[in-house]
Every structure is written in structure tokens, then in C-alpha cells.
Amino acid sequence: MDMEMHSGIVSPEGIWWKPAASQEKRWITIAFIWCLVLFGMMPFWHIKGGQNPSGIRTRVIEADYQARVDRFIKDYQVGTENGIPVVEPPAGSDVYLLGHMWEWTPVIKLKKGVEYTLHLSSVDVNHGFSLYPAKLNFQVIPGYDYGLKITPSIAGDFNIICNEFCGIGHHNMVGKIIVGESL
Amino acid sequence: MNAIADLFRKCPVTGLKVDKNAENLIKANAVVAVVFMLLGVIAAFGIVLTRWQAVHLLNAEWYYRLLTSHGLNMLIFFIIFFEMAVLYFAGPVLLNSRLPAPKLGWVSFGLMMLGAILVNVMVYSGKADVLFTSYPPLMADPLYYVGIILFAVGALIVCMLFMATLVAAKKDKTYPGSIPLVTFGALTATIIAIITLIHGALIYIPTLLWSLNLMKMDPEIYRLIFWALGHSSQQINVAAMVSIWYLLAGLTVGGVVLNEKISRVAFVLYILFISMASAHHLLVDPGMGSAWKIWNTSYAMYLAVLASMIHGFTVPAGIEIGQRLKGFVNTRFEWLSKAPWSDPGFSGMMLSLVIFGFMGGITGVTLGTEQINIIAHNTMRIPGHFHVTVVGGTALAFMAVTYYVLPLIFRKRVAFWGMAKVQPYFFGAGISVMAVGMILQGMYGIPRRHWDSSFAGSPFPVQFPDIVNLFQALMGIGGLLAAFGAVMFITIAVATVFFGKEMTADSIKNGESGIPQGVLKLSAQVHQGANVAAVHKEGAKGTMILVFIFLVAFILYFFVNWKILSSTWKVG
Ligand code: HEM
Ligand SMILES: [Cu+2]
Ligand SMILES: [Cu+2]
């Protein structure tokens with residue numbers, strides 16, 4: 001039996017559309033099954049898992065969002081920290097956080113184990129919502145309201161680090177969420 | 001007759017006819033690529049020594065400016081200029097063909113140079129502190145966008161020239177049968193490049209108009225189309241890198257193509273799903289819904305990942321079979337232990353394969369999973385990931401192939417040969433250590449693109465655990481090693497091109513230093529006879545084990561990340 005093999009710089013002559021050998025077939029089959037698992041995990045997690053980036057997503061005019069945040073602060077303000085208003089909304093309510101150069105407004109007090117709808121938007125450039133150390137990261141884009149249902153699972157102080165470049169003050173843009181023990 | 005002889009020279013090693021115009025364009029593009037790499041490396045020293053908080057070298061303004069410069073000069077200018085050289089090689093040279101319209105080649109080269117210089121002038125004069133992504137509403141000087149557009153138009157012309165070469169070669173019947181696999185791979189890279197550059201026009205022309213106050217720009221639409229350019233262009237890099245793996249496998253050890261059909265279909269898979277690639281940059285964006293995210297981030301059920309897993313098997317298996325045909329048949333791994341590890345073309349190619357596959361591929365697919373992205377988006381895990389794909393993978397493959405381009409195209413003996421032998425190890429190890437340091441920092445929530453992880457100026461103190469200092473040191477030391485590895489490469493390349501000694505038939509015969517073993521004695525590129533069927537039937541037993549180790553690592557990393565995700569707050 002004669003057989004020819006060549007490297008990748010040789011022009012193959014004749015018909016090269018030939019069946020793969022058994023070893024390649026085995027690997028491709030296994031790899032394909034693994035790809036299906038990779039894919040299947042995502043819909044599966046929407047059904048069974050607790051962390052999804054679905055959210056309630058709407059467009060919003062920047063000035064309207066600013067007004068909504070102002071009202072939110074006016075309604076529920078309980079103090080100030082470093083000149084930033086501290087707000088304690090009722091359990092389970094809608095919470096409005098604003099990213100702007102270079103501050104997260106306001107500081108928000110939440111209760112552990114309670115589900116809130118956290119709205120994120122910006123009135124200038126892109127910002128990055130990165131909740132430390134809870135490992136939640138979302139993109140904050142002007143003109144878009146990202147409403148995420150969140151349930152704090154432990155009490156304590158959490159920082160909001162901006163992790164999208166937003167200009168020269170980017171690295172100073174840190175906000176705060178304070179989670180208190182449940183009711 | 002004489003005219004034709006003037007146009008071509010015959011390569012004494014491979015016997016290929018080399019079009020002199022193509023050869024000069026290869027030289028020009030490759031040299032310029034290295035110059036832009038140098039700019040990128042200088043910036044790399046600055047940013048890595050700033051991110052390493054214990055050193056914290058630059059002020060904020062210069063950190064962001066050099067970060068912008070590093071992203072552009074490395075990811076765009078170095079990589080794409082080098083790819084232009086690859087196209088002139090895989091087209092005219094490998095096909096034994098003339099280059100149609102060489103003047104156009106020089107026009108496009110000029111456009112690309114002009115664009116790249118303009119962009120650098122804008123960045124270094126502080127008129128484009130927007131990072132390479134330039135997300136609106138952040139705005140750069142209009143000339144910055146003009147520079148990018150000029151560069152892209154130039155690159156598009158080169159892609160068209162490559163296509164024209166295929167047509168010319170077919171018409172002139174310069175090769176028998178079908179185009180070689182390496183050229184086929186370059187063809188897929190070109191097709192992807194054309195699709196990519198069209199997206200580039202779609203986004204940069206409106207952005208230019210927006211910067212001139214002539215139209216509005218939606219920041220989310222920008223992100224969508226920008227990443228259709230930005231990520232598809234990574235697929236160009238992958239296709240070019242894989243083509244180089246096949247090329248070097250052949251040149252260094254006579255690695256074979258196991259099955260032309262399988263390898264070519266895998267390349268085609270890259271093209272089919274390419275436009276979906278922008279999704280995994282938008283997984284935690286408010287603009288799109290989950291169904292869109294899942295379908296697109298997976299490139300329709302991970303068929304492009306499947307393609308990479310196929311090449312990740314067929315390349316090492318082809319090398320194994322090639323080595324076995326040479327007689328390295330003992331044990332499962334003699335083909336590896338007896339491989340030419342001191343040939344930087346071979347070691348660079350193997351390191352690129354391993355780093356890209358084991359580290360880059362596994363981290364990339366995991367980060368690109370819709371929900372896992374929640375714990376990773378814009379943290380240091382992201383630069384950690386792409387420094388083991390486009391740097392440890394693509395850039396290292398480009399370095400490796402340079403050690404063959406220098407003797408075969410420039411006809412020079414590689415300078416500082418002793419240093420060349422260790423350079424891929426320095427660069428590969430450095431970049432891997434740096435990436436591990438970055439990924440571990442990212443696991444603790446350290447942001448990317450961030451000047452001050454001590455948060456000295458922020459209204460609320462942020463305290464990371466002490467272990468993060470160690471990870472930063474890993475990043476710093478690894479980064480310095482890699483940057484020195486890059487400087488070694490640049491030194492070798494420049495010294496060879498401008499001051500290197502001629503490589504003659506005699507120097508090959510005498511086995512003089514500075515000539516890789518694959519050039520000194522080219523391995524058989526075609527194998528025939530009874531032995532071939534026997535070796536083929538035996539199969540690639542060693543590679544089979546390696547890919548299963550890979551699969552286990554993949555599965556572990558993937559599910560560990562789900563585990564970490566499941567322990568955080570509920571969100572939806
Ligand atoms: C030579 C060794 C290299 C070192 C030490 C290095 C180091 C770094 C560092 C420290 C960052 C900053 C991460 C951050 O602060 O967010 C970075 C970003 C980056 N690097 Fe490299 N790098 C190297 C080579 C390369 C190469 C060869 C490429 C591309 C081919 C590349 C592409 C990038 C890109 C695209 C970014 C992101 C820029 C941004 O976030 O805007 N790097 N690199
Ligand atoms: Cu910000
Ligand atoms: Cu920021």
C-alpha cells in the first residue's frame with residue numbers, strides 16, 4: 001500500500017477531500033461534545049443559576065436619569081459621607097446609581113437578603129461598575145438604563161470601583177454600598 | 001527571458017521562485033513592524049512598572065498616554081504590518097507567482113505608514129488620551145481617526161493584492177493542484193481581514209464625522225461595531241498564527257498535514273462565525289439581551305472554538321508524525337525529546353502553540369461565557385488573557401517565523417545566534433508569568449486600565465489583601481522578562497537586517513552559525529513509501545495524551561469559575 005504525506009507548504013495534487021483517520025475523528029467528536037457543554041451551560045444558568053446579566057434594559061435621556069437620581073436622593077437621604085449623599089431606600093425598591101466624572105452618586109444603604117432593582121447609568125462617558133469584593137461587574141453607558149435585580153448576600157461595606165477608563169480622574173472614582181443586617 | 005530572470009530569484013533552500021517586488025515588500029513591512037514593536041515595548045516598560053504599585057513609575061497622565069500608545073502600536077501597527085509581510089510571503093512566494101500591481105503595494109505601504117505616524121503624533125502630543133478603544137463620548141482629535149482610516153485603507157489594498165495574486169497564480173498555472181494549506185490559511189485570514197476592515201470603515205468614518213460635530217454617535221452602537229472590528233481582527237491574528245504554525249512545522253521538522261480536508265474546514269469555520277465575535281465584549285452591557293449574547297458569544301455553539309481545538313490537535317500531531325517518519329519512533333514522546341529545541345523557529349512555534357492553547361484558549365472561552373463575564377469584565381483578568389493569546393501566541397509565532405524569514409528572504413545569517421536560541425524562552429516565560437500575575441490580580445477584583453490600585457486619591461479607602469502585592473510582583477517581573485525578550489528580538493532582527501552577514505550556498509554547506517537547522521538541511525516536505533502508511537496507522541500517540549491533559553485543564557478551569565460565580569450575590 002502506497003501513501004503520500006506532505007507539509008503545509010506543498011500544493012496538494014489530486015483529490016485531497018479524504019475521510020479523517022480514526023484518531024482525528026475521536027478528538028473532533030470529543031471536542032464538539034465539549035463545545036456543546038460550553039454552550040449549554042449558559043441557557044442552563046438562566047434557568048437554574050442565580051447570576052445572570054439579563055436586567056431590565058431601557059434607553060434613557062441623560063437629563064431624565066439625572067432628575068430620577070436627584071429625586072431618589074431627595075426622597076431617601078439619611079446623611080452624607082465625604083460630601084456624597086447617603087441614601088437608604090425602602091426594602092425591595094428601585095435604587096438609582098449614577099456614574100459621572102469622577103464619582104458614583106449616591107452612597108446606598110441596603111439590607112442583606114432583600115432583592116432590590118439597581119439602576120445603573122451615566123450622564124457623561126462610559127464607566128464601569130465593579131463591586132468590590134462581591135465580584136459584580138457591569139458596563140455603565142450614557143443613554144442606557146441597566147436595571148439589575150440584586151440580592152446582597154452578606155452584610156458589610158462594599159466599594160464601587162470604576163473599571164472603565166473615563167478620563168484622567170478615572171482611578172479616583174470609588175463609590176460605596178453599605179449592606180446592613182436583614183430586618 | 002532575461003526580464004523574467006530579473007523579476008525572480010530561485011531560493012536555494014526551498015527551490016521556490018521569489019518575486020523581487022514581493023520580497024522587497026516583505027522586507028519593508030517586516031522592518032517597519034519591528035519598529036512599531038519597539039515603540040510598543042518602550043511603552044510596555046512604562047506601564048508595567050506603573051501598574052506594579054511597589055514601583056509606580058509614571059504619573060497618571062503618562063500612564064494613560066503610554067497605555068494608549070502600547071495598545072495601538074502593538075495590537076494594530078506591529079501586528080498588522082507583520083501580517084502584510086505574511087501575505088506577501090504566503091501569496092507570491094509560496095505560489096511561485098508574480099505579484100500583480102507591485103506599485104499598489106508601495107502605495108498601500110505609504111498609506112499605512114502615514115496613518116500610523118499620524119496616530120502616534122496625535123497620541124504623543126496628548127490629543128488622543130482615549131486608549132485604543134476610543135469609546136465615545138470620549139473624543140480624540142479628528143486627525144487621530146483620520147490616521148486610523150488611512151492605515152486601514154492601506155491594509156485593505158494589501159488584502160486585495162493578495163486576492164489578485166491568487167488569481168494571477170491560477171491563471172499562470174504557477175503551482176500544481178490546489179494552493180498549499182499555509183496559503184489557504186492566509187487566504188482565510190485575508191477574507192476575515194476584509195470583513196473586519198469593512199466594519200472598521202463603518203465605525204471610524206461616522207466617528208470621524210462625530211468628532212467634527214457633523215453627526216451624533218450612540219456609545220453602545222459604537223461598542224457593538226467597534227468590537228466587530230476589534231475582535232474579528234483577533235481572528236485574523238489567529239488564522240495568521242495557525243498558518244505560521246503549519247509553515248514552521250513543515251520547515252523546522254518536516255511536520256505533515258494529517259488531513260487537508262479537516263485543516264481546511266477548520267480554517268473555514270473561522271470565517272463563518274466571525275461577525276459574531278463582538279458579543280463577548282458586550283456581555284454585561286445594557287444594550288443587548290441574553291439570547292443575543294449567548295448565541296453570539298458562542299459563535300453559534302462554539303464552532304470557532306472547535307476549529308482552534310482541531311488545529312491544536314492537528315499541528316502537534318503533524319509534527320509528531322513528521323518526526324516519527326524521521327525515525328523518532330521510540331516511546332510516546334521521543335519525537336518531542338529529540339526535537340530541535342535550540343532552533344528558535346521551532347521552540348518559538350511550540351511555545352506559541354502551548355501558550356495560546358493552554359492559557360489563552362482556556363481563559364478566553366471561560367471569560368467569554370455570558371455569566372462568568374460578570375465576575376471578570378474589565379478586571380485584570382482581561383489583559384491577563386489576551387497577553388497569552390495575541391502576545392504569547394501570535395507575537396511569539398511572528399518572532400519564530402522571523403528566524404526563518406531572515407535567512408530565506410533577507411538571505412542573512414541571524415546575528416547574535418546564541419541570544420536568538422534563548423529569546424523565545426525568555427519572551428514566552430515572561431509573558432506567561434506576567435499573565436498569571438494579571439489573572440490572579442483580576443480574580444481579586446483589581447481593575448484593568450487603572451493608574452492607582454492603592455486608591456490614594458479616592459473618597460473611600462479600598463484595601464486589597466496583601467497577597468495581591470505578590471501577584472503584582474509576578475506581573476512586574478514577568479513583564480520585565482517579556483519586555484527584555486522583546487528587546488532581544490528587536491536587537492537580533494535589526495542587527496541581522498542592517499549588519500548581518502550574507503548567507504551563501506557555502507555558508508549553508510559549512511553549517512555556519514546563525515542559520516537555523518531547518519534551513520541548513522530542509523526536512524523532507526513530501527513523504528512516500530510503505531513506511532508512511534505504517535506510521536500514519538500508528539497515529540500520534542503522544543499528542544493524544546497532550547490534548548487530553550489540555551481537555552482536563554479546560555474542564556477544571558471552566559467549572560471552578562462557575563463555582564466562584566455561584567458564591568456571589570444573586571443578580572439578574
Ligand atoms: C513586550 C512585553 C509586553 C508587556 C510587558 C506588556 C504589558 C502590558 C501591560 C502592563 C498592560 C496594561 C494593563 C492595564 O493596565 O490594564 C498592557 C496592555 C495591553 N497590551 Fe501589552 N505587554 C506586552 C506586549 C504586548 C504585545 C506584543 C501586544 C499586542 C500584540 C500587547 C497588547 C496589549 C493591549 C491591546 C493592551 C490593552 C491596552 C488597553 O487596555 O487599552 N502587549 N500590556
Ligand atoms: Cu468612571
Ligand atoms: Cu473610570
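These numbers come from a predicted model, not from an experiment.
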**Asked** Side chain, backbone, both or neither: which part of B/Thr379 has an atom under 4.5 Å from a heavy atom of chain A?
**Response** both
**Asked** If contact means a heavy atom pair closer than 4.5 Å, which residues of residues 72-88 of chain A contact chain B?
**Response** A/Glu81, A/Asn82, A/Ile84
**Item:** Engaged part of A/Tyr116 at the chain B interface, taking heavy atoms whose separation is under 4.5 Å
**Value:** neither
**Request:** Indicate the atoms forming the closest heavy-atom contact of A/Trp45 with A/Gln51, along with that distance.
**Result:** CD1-O, 3.1 Å
**Request:** Pick one of side chain, backbone, both or neither for A/Leu131, based on which atoms fall under 4.5 Å of a heavy atom in chain B.
**Result:** side chain
**Request:** Heavy-atom distances under 4.5 Å only: say whether B/Ile446 touches chain A with side chain, backbone, both or neither.
**Result:** neither
**Between CD1 on residue A/Ile47 and CG on residue A/Asn52, distance to nearest 0.5 Å** = 10.0 Å
**Prompt:** Does B/Leu95 offer a backbone N or O that forms a donor-acceptor pair with the side chain of B/Thr174 under 3.5 Å?
**Reply:** yes
**Complete:** If one checks every heavy atom of A/Val107 against chain B at 4.5 Å, the contacting part turns out to be side chain
**Complete:** Okay, B/Ala60 and chain A: the region with an atom under 4.5 Å from a heavy atom over there is both
**Request:** Verify the distance criterion only: is there a donor paired with an acceptor across the side chains of A/Thr117 and A/Lys149 at less than 3.5 Å?
**Result:** yes
**Item:** A/Lys176/A/Asp157 salt bridge by N-O under 4.0 Å criterion
**Value:** yes
**Request:** Sort B/Leu138 into side chain, backbone, both or neither according to what part of it lies under 4.5 angstrom from a heavy atom of chain A.
**Result:** both
**Request:** Tell me, for B/Lys537 versus chain A, whether the close heavy atoms (under 4.5 Å) come from the side chain, the backbone, both or neither.
**Result:** neither
**Request:** Flag the pair B/Asp218 and A/Arg59 as a salt bridge only when some basic side-chain nitrogen lies within less than 4.0 angstrom of an acidic carboxylate oxygen.
**Result:** yes
**Prompt:** Side chain, backbone, both or neither: which part of B/Met544 has an atom under 4.5 Å from a heavy atom of chain A?
**Reply:** side chain
**Prompt:** Which value, rounded to the nearest 0.5 Å, describes the distance between A/Thr29 atom OG1 and A/Lys25 atom NZ?
**Reply:** 9.0 Å
**Prompt:** Non-hydrogen atoms of chain A under 4.5 Å away: do they reach the side chain of B/Asp452, the backbone, both or neither?
**Reply:** both
**Message:** Is it the case that the ring center of B/Phe464 lies less than 6.0 angstrom away from the ring center of A/Tyr132?
**Reply:** yes
**Item:** Heavy-atom proximity to chain A below 4.5 Å, by part of B/Val535
**Value:** neither
**Request:** Assess the side chains of A/Asn126 and A/Glu164: does a donor N or O sit below 3.5 Å from an acceptor N or O?
**Result:** no
**Message:** What verdict does the side-chain hydrogen bond (donor to acceptor under 3.5 Å, both in side chains) test give for A/Asp145 and A/Ser121, after you've listed the backbone C-alpha separation in whole Å, the side-chain angles of each residue and the deciding distance to 0.1 Å?
**Reply:** CA-CA 5 Å; A/Asp145 175 349; A/Ser121 194; over 6 Å; no
**Request:** Report yes or no: is the cationic atom of B/Arg264 (NZ for Lys, CZ for Arg) closer than 6.0 Å to the six-membered ring centre of B/Phe184, at no more than 45° off its axis?
**Result:** yes
**Item:** Under 4.5 Å from any heavy atom of chain A - which part of B/Tyr63
**Value:** neither
**Asked** Where does A/Ile161 contact chain B at under 4.5 Å (heavy atoms): side chain, backbone, both or neither?
**Response** side chain
**Message:** Check the orientation of A/Trp27 and B/Phe548. Use parallel for under 30°, tilted for 30 to 60°, and perpendicular for over 60°.
**Reply:** perpendicular
**Fill in**
Applying a strict 4.5 Å limit to non-hydrogen atoms, the region of B/Tyr222 in contact with chain A is neither
**Item:** Region of A/Pro12 that comes under 4.5 Å of a non-hydrogen atom in chain B
**Value:** both
**Message:** Taking side-chain contact (heavy atoms from CB on, under 4.5 Å) as the criterion, tell me which of B/Gln525, B/His536, B/Gln528 meets it with A/Met5.
**Reply:** B/His536
**Item:** Contact class of B/Leu251 relative to chain A, heavy atoms under 4.5 angstrom
**Value:** side chain
**Ionic contact status for B/Lys541 with B/Glu320, cut-off 4.0 Å** = no
**Portion of B/Ala540 that has a non-hydrogen atom of chain A nearer than 4.5 angstrom** = both
**Interface moiety of A/Trp17 toward chain B, non-hydrogen atoms closer than 4.5 Å** = both
**Between B/Gly572, B/Gly250, B/Gly287, the one whose heavy-atom pairs under 4.5 Å with chain A are most numerous** = B/Gly572
**Prompt:** Salt bridge or not for B/Asp285 and B/Arg223, using N-O below 4.0 Å?
**Reply:** yes
**Item:** Per-residue contact mode, A/Ile56 against chain B (heavy atom under 4.5 angstrom)
**Value:** neither
